[in-house]
Amino acid sequence: MPTEPSLAVVTGASSGIGAVYADRLAARGHDLILVARRADRLQALAARIAETHGRKADIHVADLADPASLAQTAATLAANPRIEVLVNNAGLAKLAPFGTAPLADSLSQIALNITSLTQLTQALLPGFLARNRGLIINIASVLGLEVLPGSAVYSGTKGFVLNFSRGLQKELAGSGVKVQAVLPAATATEIWDNSGVPLASLDTGMVMTVENMVDAALAGLDQGEAVTIPPLADLGLWQRAEAARLALFEATRTGRPAPR
Ligand SMILES: NC(=O)C1=CN([C@@H]2O[C@H](COP(=O)(O)OP(=O)(O)OC[C@H]3O[C@@H](n4cnc5c(N)ncnc54)[C@H](OP(=O)(O)O)[C@@H]3O)[C@@H](O)[C@H]2O)C=CC1
Ligand SMILES: CC(=O)[C@H](N)C(=O)O
């Protein structure tokens, strides 16, 4: 009996990084479930994927920052045993000083960047574990490593994505379920103009194309990287930073106040 192609879910597939992930995963042989709010964009992408790659892409229109819509999405995905890949990509940035920013902007970033990613992962992970097969790609950001004025909440959400991914990697070690955290730096997408910092205001030399970003992230995945920073050429920098982080943690396990 021929087996059906595996299914990959991409959240935030209606533009930017998610749309390119959908294209690349279709090229790798996956059928797709494309999730976002803008149905017209998802439909157009699904048609392009069918034409270009001959793969089936279903669309699932949802507001993942809305608890009811998120719960319905999670239940729908959890009930589908063909899903083998989850790309937790949908995300929102509102870059403004926290003290004067609307509370709603902070809460919507937390709802989308943290809560929806967590809930969708929890929805799919039991099935992945039962089948001992699955891949979760969590899109964090280099702003999960550093905070700039105006990014307190956004960086906080991306720090969560990185540490959540690290925790899952430890819990799932030895299983057939893999987790990759991707930390893009500035990438040319709509997120910037919606963030309050126009894309046109960035130094073009520091901005990556979406295609290059996703292809570099997938190259890292193919090499088994747990954390991929697409523009980082010197992997020794990351390894030294990780070693310093672990050494710092170990140095806290004394049970005694430091002498100061
Ligand atoms: N571009 C960059 O410089 C960087 C981006 N990232 C991260 O990459 C990810 C993708 O962002 P990017 O492609 O740049 O930005 P885009 O704005 O192009 O894409 C964001 C996607 O998320 C979807 N989305 C937004 N709000 C909701 C919602 N409430 N419910 C469902 N879907 C939603 C959007 O679809 P719709 O509006 O149709 O719902 C869209 O498909 C994000 O997590 C972002 O934080 C990380 C580092 C750098
Ligand atoms: C708008 C941003 O801050 C961007 N998504 C990033 O993570 O660098």
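Just so you know, ligand 1 is whichever comes first in the structure, and atom 1 is the first atom listed for that ligand.
- The closest non-hydrogen atom to atom 8 (O) of ligand 1, taken over Ile17, Val142, Leu117, Leu143, comes from Ile17.
- Ranking protein heavy atoms by distance to atom 3 (O) of ligand 2, first place goes to Leu143 CD1, 3.3 Å.
- Distances below 4.0 Å separate heavy atoms of Ala186 from the following atoms of ligand 1: 3 (O).
- Atoms of ligand 2 found under 4.0 Å from any heavy atom of Leu95, numbered from 1 in the order shown, are 1 (C), 3 (O).
- Counting non-hydrogen atoms of neighbouring residues, nucleotides and ligands closer than 6.0 angstrom, the CD atom of Glu250 exceeds 12 such neighbours.
- Distances shorter than 4.0 angstrom occur between a heavy atom of Ala13 and an atom of ligand 1.
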Take Arg28 and Asp23, measure what salt bridge (charged side-chain N to carboxylate O under 4.0 Å, His left out) needs, and give me the verdict at the end.
-> CA-CA 9 Å; Arg28 288 175 175 226; Asp23 174 81; over 6 Å; no
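- Between atom NZ of residue Lys178 and atom CG of residue Leu168 there is a gap of 12.5 Å, rounded to the nearest 0.5 Å.
- Checked by distance only, ligand 2 and Tyr154 come closer than 3.5 Å through their nitrogen or oxygen atoms.
- Looking only at protein heavy atoms, the nearest one to atom 47 (C) of ligand 1 is Pro184 O, 3.3 Å.
- Close N/O approach between Asn194 and ligand 1 is not found [any backbone or side-chain N/O within under 3.5 Å].
- Cluster partners of Ile17, by chain and number: Val10, Val20, Tyr21, Leu25, Leu32, Leu34, Leu42, Leu45, Ile49, Ile59, Val61, Val85, Val87, Leu135, Ile137, Ile139, Val182, Met208, Val210, Met213, Val214, Leu218, Leu221. The rule joins Ile, Leu, Val, Met, Phe, Trp and Tyr whenever side-chain heavy atoms lie under 4.5 Å apart.
- Close approach of ligand 1 to Ala62 is summarised as follows: ligand atoms under 4.0 Å from at least one heavy atom of the residue are 30 (N), 31 (C).
- Taking any N or O of Ser141, backbone or side chain, at least one lies under 3.5 Å from an N or O belonging to ligand 2.
- Among protein heavy atoms, atom 42 (C) of ligand 1 sits closest to Asn89 O, 3.2 Å.
- In this structure, CD in Glu242 is found 4.5 Å from CZ in Arg166, a value given to the nearest 0.5 Å.
- For ligand 1, the polar-atom distance check finds no N/O of Leu92 at less than 3.5 Å from any of the ligand's N/O atoms.
- Less than 4.0 angstrom separates some heavy atom of Ile191 from each of these atoms of ligand 2: 1 (C), 5 (N).
- Using a 4.0 Å cut-off to heavy atoms of Ala93, the atoms of ligand 2 that qualify are 1 (C).
- Looking at atom 18 (O) of ligand 1, its nearest protein heavy atom turns out to be Ser15 OG, 2.8 Å.
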